[in-house]
Q: 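First the structure, then my questions, so here it is.
Whatever order the structure lists ligands and atoms in, that order sets their numbers, starting from 1. Note that the structure is a prediction, hence the values are computed from the model and not measured. Just the heavy atoms: all of them, side chains too, but no hydrogens, waters or symmetry mates, feed the values below.
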Amino acid sequence: MAAAPANYADFHRRSIDERDAFWAEQAQLIEWQQAPQQICNYDKPPFAKWFVGGTTNLCHNAVDRHLAARAQQNALVAISTETDTERAYTFAELHAEVQRMAAVLQSLGVKQGDRVLIYMPMIAEAAFAMLACVRIGAIHSVVFGGFASSSLASRIEDAEPTVIVSADAGSRGGKGVPYKPLLDEAIDLSAHKPAAVLLVDRGLAPAAMRAGRDHDWAALREQHMDAQVPCVWLESTHPSYTLYTSGTTGKPKGVQRDTGGYTVALAASMKHIFDAQAGQTYFATSDIGWVVGHSYIIYGPLLAGMTTIMYEGLPVRPDAGIWWSIVEKYQVTHMFSAPTAVRVLKKQDPEYLSKYNIKSLKALWLAGEPLDEPTATWISGALNVPIIDNYWQTETGWPILTLCNGVQQQSPRFGSPGKAVYGYNVKLIDEATGQELTTPNQKGVVAIEGPLPPGCLQTVWRDDERFVSTYWNSIPGRQVYSTFDWGIRDADGYYFILGRTDDVINVAGHRLGTREIEECIAGHPNIAEVAVVGVADQLKGQVAMAFAVPRDASGLVDDAARLKFEGEVMKQVDSQLGAVARPARVIFVNLLPKTRSGKLLRRALQAVAERRDTGDLTTMEDPVALQQIKDLMG
Ligand code: AMP
């Protein structure tokens, strides 16, 4: 392979101007059963097909490939401070477990192309299930364990899984969080019924098993201890997984990822972005239910032959030193987290940061939400390692903006996630005219010129039309991929993200569609209308705040009655969407601020909630609405 040029600007330029040659080189980072015949097929924009004609397998590259050189090295260490357990698996052991899981899934009827929905806490079996799926060409769809029955049901209906893999319970702060009743309810709600449920019984909560449908993992595993399930060589374009993400409508989108492109993109990112070596240890504190969990708890580190750490628990339990004790014990070299988690740690005794020897750590990568300067400065001083902000989305699967230290060391700029990553032809676009903004420091929509690089979404699951209309048609006069984020770029090519252009909010690094929460609250029999907006929050970045108009307000005579009703509405969100989506407050109002054409003035609502100036309100129908909210907010 040609040596990487040491100059990042050249490296990036080449990835765009000599796209196929560049990615042909990156493709050599993984093993193919059959080499690709065409690097990128962009005959039908915006649908890009990467490494056409090539056959490979994600599990082969993540697990089997390493058996020759590192069978006895730890591949996966699953640490739970919830159950006080640590389970380490070498590559050889992981290989055996994944084959057992693959055999069990096959025994339950899973075939290539079938979907397997994974609704699990952060336990090793979740990783086995993901790897087992891609091993046999089944398409996994992991649903975050914090989602409740109706969110889960809509995902079951869309994915139509043959099998659902789940567990009796998760655990949070030492308290069991039963999953099985939520799953049963979701399956009852869903029009699609899976043929089987495979349940990992952790002994945390009673789980009623439905005869004929539900199967116990431990019992089936026993029957397949010596299973040998070879990797299926899959077309590069074969879907590896779908992962649901929120958008502006209430219906979540299934982001669909391919096999070859994703494997190459992650392998290349481990080299160029993370400067990672086989044998090192990677600790991403995310959850397998999110994209970071897919790319940098499971696949990326394993593809690179690293040990990956899976952590179930809070960052402050048993105390705020827990993460750093893990870094010391496992000699973690690479750590990946979110600004919210750092803000939580910042409120704890700083002593915890100096209690452990964390010399092994090379850098801390942070993503998922804007990294504010005080947080960045605090953590970089406390850890004394580089803090590397990186910006991306569920859709892209790997960073769009960051500093690629594996190519060339570059200094970070606080407040900026860095420069355009190789492969991404990032543009700033004037929202109204569709013109590209080339002068430094102009605000525009962050967009990506097609084709999207390998690893990004191929389409929206079973909805090509939605893929095009959602992402590629929002800018007038040109077909570019919109991130729906505002940004600016300085004269040196560093980008700064200024927030979303749509109604999506970001709570503690989790993306939530305000529409989804609104639909849930509007389902309450005594709510006539509701608006949910994201409001700035010191700890979580943003929180959801709901403004609801009751159908019958006669009972809301005092604060106690209002609080009781607020609790009821929050409970409804908890039970249908999950506590992640619960608004911080539900404020009852007589009227919502709207334009004369009936459009909700979300920005004005948000401004009032953040105690900012509301700006131009000449289009507002009835100023009384906003005045009442101002009064209520105090
Ligand atoms: P998700 O798909 O849930 O990862 O959410 C992606 C969105 O999170 C982006 O479109 C941004 O709005 C936001 N985001 C992610 N990373 C960053 C970052 N480093 N800085 C600012 N915003 C970010």
Q: Knowing that exactly one of Trp392, Tyr495, Trp398, Tyr481 qualifies, which makes a ring-ring contact (aromatic ring centres under 6.0 Å, His included) with Tyr424?
A: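 Filter result, single survivor: Trp398.
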Q: Verify, without hydrogens or angle tests, whether His12 (side chain) and Asn7 (backbone) share a donor-acceptor contact under 3.5 angstrom.
A: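 Such a contact is absent between His12 side chain and Asn7 backbone.
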Q: Could you tell me if any non-hydrogen atom of Trp392 lies under 4.0 Å from any atom of ligand 1?
A: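 Yes, Trp392 has heavy atoms under 4.0 Å from ligand 1.
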Q: Quick one, Ile497 and Pro370 - any side-chain contact, counting heavy atoms below 4.5 Å?
A: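 Contact flag for Ile497/Pro370 side chains = no.
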Q: Of all the heavy atoms in Leu371, does at least one lie under 4.0 Å from an atom in ligand 1?
A: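 So Leu371 does not count as touching ligand 1.
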Q: Closest by any non-hydrogen atom to atom 1 (P) of ligand 1: pick that one out of Thr501, Thr394, Asn390.
A: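 Minimum heavy-atom distance to atom 1 (P) of ligand 1 goes to Thr394.
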Q: Regarding atom 10 (O) of ligand 1: of the candidates Leu243, Asp485, Asp389, which has the closest heavy atom?
A: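 That would be Asp485.
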Q: How far is atom 3 (O) of ligand 1 from its nearest protein heavy atom, and which residue and atom is that?
A: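 For this ligand atom, the closest protein heavy atom is Arg511 CB, 3.1 Å.
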Q: Suppose I only count heavy atoms of Arg500 and a 4.0 Å limit; which atoms of ligand 1 are within that range?
A: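 Those atoms are 9 (C), 10 (O), 12 (O).
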Q: Looking only at N/O atoms, are Asn506 and ligand 1 under 3.5 Å apart anywhere?
A: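 Such a contact does occur with ligand 1.
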Q: Please work out whether any backbone atom (N, CA, C, O) or any side-chain heavy atom from C-beta onward of His510 is under 4.0 Å from ligand 1, and answer side chain, backbone, both or neither.
A: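 Looking at His510 and ligand 1, no heavy atom falls under 4.0 Å.
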Q: If you measure only the distance, is there a donor-acceptor pair under 3.5 Å linking the side chains of Tyr262 and Tyr241?
A: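 A donor-acceptor contact under 3.5 Å links the two side chains.
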Q: Okay, side chain of His510, backbone of Val580: is any donor-acceptor separation there less than 3.5 Å?
A: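 It does not hold such a pair.
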Q: Which atoms of ligand 1 are found less than 4.0 Å from any heavy atom of Gly368?
A: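 With Gly368 as reference, the close atoms of ligand 1 come out as 8 (O), 13 (C), 14 (N), 15 (C), 16 (N), 17 (C), 23 (C).
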Q: Could you label the plane-to-plane angle of the Tyr282 and Tyr296 rings as parallel, tilted or perpendicular, counting under 30° as parallel and over 60° as perpendicular?
A: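 Ring orientation, 0 to 90° scale: parallel.
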